[in-house]
Amino acid sequence: MYPAAFEYYRATSVPEIVQLLQQHPDGKILAGGHSLLPLMKLRLAEPAALIDIGRVPDLSGIQDAGDSIVVGATTTYWDLLQSEVIRQSLPLITEAANVVGDIQVRNRGTLGGAMAHADPAADMPAVALALDASIKVVGPSGERTIPASEFFVDMFTTALNPDEVLTQIIFPKPQGTSGQAYEKFAHPASGYAVVGVAAFVTLDGGKVQTVRVGITGAGTVAKRASAVEQALAGQEPTEQAIESASAHAAEGLELNGDIFASEEYRAHLARVFTQRALSRAVAAARG
Ligand SMILES: Cc1cc2nc3c(=O)[nH]c(=O)nc-3n(C[C@H](O)[C@H](O)[C@H](O)COP(=O)(O)OP(=O)(O)OC[C@H]3O[C@@H](n4cnc5c(N)ncnc54)[C@H](O)[C@@H]3O)c2cc1C
């Protein structure tokens, strides 16, 4: 399939991206192209212009900023997998990036693209929620930072305005005794998450101090499993406590059902994979 005709612009700086977005309101940003180009080939998207951000120098890279790790929007899954600072502080990212699609997708797909696209079956939105990331965007009225918990609004819908570009994803560095884990039931054809669960815990005196669980794939949009978090916070994380907290995993989700997995099956997977992710995160925290 061939996409509809479009104009092509290669931006060289963030201000130029913003300018091009203003000049081409029917245009779309092109990052790794692994979500946008298939949609264009199917004519599900027909942007009049593509604004290629792949060679804007400031948008790529991973910086250790002391209390946080700052990832540029066009940083690829491959870059994330190569990063020692990510592996040391945020192994959840390494674990999840390693199970995204196949090697071609990981070579081209970008973290910013995954955030902006908000595919309901994408892995990284769950990771961003569990790690309490913030998303920096730049538009005609300047810069703003949006917490991940407010960024993913609905299926393929985020808090990003059409005239804004996502520039950075900021991950706070975990403090204290913490553990992280990602569990995914991958679609056998594409690798997308039928259900994916990202878990982050900190322990204090043997009890759960902080717990964040991000669930993707099960519902229309990646979400924090607040009922699970409330049930486990302050508890000693025994296997029984984790199992009974995980029973709440599908609460508050607008469940997806399709030919591959029904709503009921996805709810079941959400509970099982939440339990597994939390158990591993707690084990990692205990060292
Ligand atoms: C065969 C296949 C298997 C896949 N399997 C998985 C999987 O298992 N798990 C998974 O999570 N994903 C999977 N993906 C999707 C892949 O991760 C995508 O590439 C990624 O989610 C989007 O990143 P991108 O850089 O390719 O974005 P693009 O395709 O370039 O862009 C996607 C959308 O985001 C917008 N956008 C991109 N960057 C920005 C920015 N900086 N600011 C504002 N808007 C922006 C674009 O305008 C577009 O609307 C798969 C894709 C393919 C083709």
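Heads up: numbering here begins at 1 and tracks the sequence. Computed from a predicted model, the values in this text were never measured in an experiment. Start at 1 and go down the list; that is how both ligands and their atoms are numbered.
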Check: In terms of residue, atom name and distance, what is the protein heavy atom nearest to atom 39 (C) of ligand 1?
Finding: Ile29 CG2, 3.7 Å
Notebook entry, point to check: For ligand 1, is any non-hydrogen atom under 4.0 Å from Leu160's backbone (N, CA, C, O), its side chain (CB onward), both, or neither?
Noted result: side chain
Next item on the list: Indicate, as side chain, backbone, both or neither, the part of Ala73 found under 4.0 angstrom from ligand 1 when only non-hydrogen atoms are considered.
Entry: side chain
Item checked: For Ala122, the ligand 1 atoms whose distance to one of its heavy atoms is below 4.0 Å -> 10 (C), 11 (O)
Next item on the list: Under 4.0 Å, heavy atoms only, figure out whether ligand 1 is touched by the backbone of Lys184, its side chain, both or neither.
Entry: side chain
Notebook entry, point to check: So which protein heavy atom does atom 31 (O) of ligand 1 come closest to, and at what separation?
Noted result: Leu36 CB, 4.0 Å
Notebook entry, point to check: Looking only at heavy atoms, is any part of Val100 under 4.0 Å from ligand 1, and if so is it the side chain, the backbone, or both, or is it neither?
Noted result: both
Check: When you measure from atom 3 (C) of ligand 1 to every protein heavy atom, which one gives the shortest distance, and what is it?
Finding: Ser190 O, 3.3 Å
Check: Considering only heavy atoms from C-beta outward, does the side chain of Gln180 approach that of Leu131 to under 4.5 Å?
Finding: yes
Item checked: Contact partition for Ile53 relative to ligand 1, non-hydrogen atoms under 4.0 Å -> side chain
Next item on the list: Fit a plane to each ring of Phe185 and Tyr265, take the angle between them on a 0 to 90° scale, and name the class: parallel (under 30°), tilted (30 to 60°) or perpendicular (over 60°).
Entry: perpendicular
Notebook entry, point to check: How far is atom 21 (O) of ligand 1 from its nearest protein heavy atom, and which residue and atom name does that atom have?
Noted result: Ala114 CA, 3.4 Å
Check: So, Ser246 versus Thr274: side-chain donor-acceptor pair below 3.5 Å or not?
Finding: no
Notebook entry, point to check: Salt bridge between Glu84 and Arg87, side-chain N to carboxylate O under 4.0 Å?
Noted result: yes
Check: Where is the nearest protein heavy atom to atom 36 (N) of ligand 1: which residue, which atom, and how far?
Finding: Ala116 CB, 3.6 Å
